[in-house]
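Every number for a ligand or one of its atoms is a count from 1 in the order of the listing. Any value given below was found using the heavy atoms of this structure, including those in side chains, with hydrogens, waters and symmetry copies removed. We're numbering straight along the sequence, starting at 1.
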Amino acid sequence: MSLKQDKGSLKTVYDKFFDIGAAVNPYTLKHSESLIIEQFSSLTSENHMKPALLQPQEGVFTFDEADQLVTFAKKHGMKVRGHNLLWHNQTPDWFFEDENRKPASRKLLLDRLDTHISTVVDHFKEEVYCWDVVNEAVADEGEDLLRKSKWLELVGEDFIEKAFEFAHKANPNALLFYNDYNESDPVKREKIYKVVKSLLDKGVPIHGVGLQGHWNLESPSIQDIRNAIERYASLGLKLHITELDLSCFTWDNQRTDMEAPTDEMLNKQAERYEEIFNMFREFSEVITSITFWGVDDSYTWLSDFPVKGRKNWPLLFDEKKQPKASFWKVVNF
Ligand code: GLA
């Protein structure tokens with residue numbers, strides 16, 4: 001297929017393959033509004049559906065910003081992915097402490113998790129069709145399967161299945177995902193596979209695996225991504241690419257002197273996006289949604305991470321919201 005350069009929109013070109021989403025926040029919803037409407041068929045809230053923002057104090061639920069996102073999505077006929085119900089980050093301390101500020105008991109923490117998940121999933125029951133129920137529970141390094149966290153310490157390993165059960169109880173129609181990063185690394189891939197498989201073996205209601213896709217110009221290799229997709233798909237689950245971006249810098253690159261990307265970076269990025277989307281299309285039976293972690297290069301979390309204040313250009317549209325070479329490679333195939 002070949003599109004005229006002025007006719008390309010991600011969501012129309014990819015309509016028959018998968019949903020194309022973007023993570024948004026109140027700032028980008030305002031400043032990149034027309035691009036979002038034109039290009040994307042699905043939205044994820046970058047932060048406002050996380051525990052810290054939805055329930056900053058026990059029993060005090062703050063839905064306003066998330067509701068605005070949902071209203072926007074509805075108005076423009078977009079789907080909404082819910083992100084996320086349980087994470088070791090961006091979860092307020094009160095969750096983990098009792099009234100004497102001592103570590104919460106297993107029962108107290110599970111009751112709070114149930115209340116949080118039931119309230120949130122029920123609130124968005126009509127509009128949010130899938131949830132990242134548990135985010136990043138698997139350990140990157142060492143022999144341990146699960147990362148050290150307050151959830152693991154205070155509840156035990158079954159905190160994962162409990163979260164899925166609570167979500168399923170609150171909305172039996174929602175598709176429930178386990179979501180993680182470094183998902184294409186062969187060692188972590190096998191750990192994720194093992195955790196998800198054990199959930200399935202126990203009959204836990206889980207329907208998909210989210211591959212975050214925070215990648216860069218060098219890694220992971222296309223082969224490693226392919227192997228990860230095949231491995232997770234072999235579990236019979238749907239896959240979503242949930243947080244795609246291609247950093248212009250490798251993880252250990254600390255340079256901070258660049259004001260703009262080089263042509264070499266942009267060309268390399270375009271090549272990588274092309275290869276990646278060529279492969280995604282091959283798997284359109286199992287991959288049903290691809291979400292970019294941002295809209296355009298005028299705002300990206302990577303301009304503050306892992307090097308504070310270092311500008312980065314990981315998305316398909318530039319800082320002026322114009323399509324980059326990467327965009328054209330993704331829509332022209
Ligand atoms: C992780 C989380 C996301 C987001 C990114 C960084 O990938 O899943 O919610 O916080 O980190 O922006």
Side-chain angles (χ1 to χ4, degrees), residues 21-29 32 42-56 65-66 69-70 80-92 95 116-117 120 124 128 130-140 146-147 149-151 159-160 163-164 167 175-185 188-189 191-192 195-196 206 208-216 219-220 225 228 232 239-249 251 289-315:
V24 297
N25 58 42
Y27 175 86
T28 56
L29 270 182
S32 301
S42 171
L43 295 183
T44 302
S45 171
E46 186 183 17
N47 287 303
H48 287 89
M49 289 193 189
K50 292 173 179 170
L53 284 98
L54 284 185
Q55 200 188 172
E65 305 280 9
L69 181 153
V70 165
V80 182
R81 293 195 83 256
H83 174 83
N84 55 52
L85 297 172
L86 184 154
W87 195 19
H88 62 278
N89 263 334
Q90 290 183 272
T91 304
F95 256 95
H116 181 79
I117 291 182
V120 169
F124 296 109
V128 173
C130 79
W131 279 98
D132 291 329
V133 177
V134 174
N135 199 32
E136 306 179 349
V138 169
D140 287 293
L146 298 183
R147 91 166 45 241
S149 74
K150 295 237 170 91
W151 292 110
F159 75 88
I160 301 179
F164 278 92
L175 298 176
L176 306 181
F177 279 70
Y178 174 76
N179 189 47
D180 216 327
Y181 69 95
N182 281 352
E183 71 301 307
S184 301
D185 170 79
K188 189 161 172 192
R189 177 192 76 210
K191 292 186 186 179
I192 294 173
V195 167
V196 174
I206 173 169
V209 177
L211 293 79
Q212 290 190 2
H214 290 298
W215 301 329
N216 63 48
S219 74
I225 301 171
Y232 302 136
L239 308 185
H240 284 184
I241 310 298
T242 53
E243 308 186 16
L244 182 61
D245 49 20
L246 291 187
S247 170
C248 289
F249 304 99
W251 178 255
S289 174
I290 293 178
T291 294
F292 291 86
W293 205 247
V295 180
D296 57 62
D297 290 344
S298 69
Y299 170 82
T300 157
W301 74 295
L302 289 172
S303 288
D304 244 348
F305 183 86
V307 180
K308 195 124 191 83
R310 176 188 58 196
K311 191 79 198 90
N312 207 328
W313 308 273
L315 298 163

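Note on ring orientation: taking the six-membered ring where Trp is involved, the planes of Trp87 and His83 are tilted (angle from 30° to 60°). Classification of the Tyr299-Tyr27 ring pair by plane angle, with boundaries at 30° and 60°, yields tilted. Between Phe124 and Trp131, the ring planes are tilted. Angles from 30° to 60° get that label.
Of the candidates Thr291, Thr44, Asn179, Glu243 forms a side-chain hydrogen bond (donor to acceptor under 3.5 Å, both in side chains) with just one, namely Asn179.
Within the 4.5 Å cutoff, the side chain of Leu302 has no heavy atoms near those of the Trp313 side chain. Between Val134 and Phe164 the shortest side-chain heavy-atom distance falls below 4.5 Å.
At least one heavy atom of Trp293 sits closer than 4.0 Å to an atom of ligand 1.
Contacts between Trp87 and ligand 1 below 4.0 angstrom, taking non-hydrogen atoms only, involve the side chain exclusively.
Closest to atom 6 (C) of ligand 1, if we only count protein heavy atoms, is Trp301 CE3, 3.1 Å. From the protein, the heavy atom lying nearest to atom 11 (O) of ligand 1 is Glu243 OE1, 4.0 Å.
Atom numbering of ligand 1 starts at 1 in the shown order; those under 4.0 Å from a heavy atom of Asn135 are 2 (C), 8 (O). Listed by number with element, the atoms of ligand 1 under 4.0 angstrom from any heavy atom of His214 are 7 (O). Using a 4.0 Å cut-off to heavy atoms of Lys50, the atoms of ligand 1 that qualify are 3 (C), 4 (C), 9 (O), 10 (O). Ligand 1 places these atoms under 4.0 Å from at least one heavy atom of Glu136: 1 (C), 2 (C), 7 (O), 8 (O).
The shortest N/O to N/O separation between Asn84 and ligand 1 does not fall below 3.5 Å.
By heavy-atom distance, the residue among Gln212, His83, Glu46, Gln90 lying nearest atom 9 (O) of ligand 1 is His83.
Looking only at atom types and distance, the side chain of Ser247 has a donor-acceptor partner in the side chain of Asn312 under 3.5 Å away.
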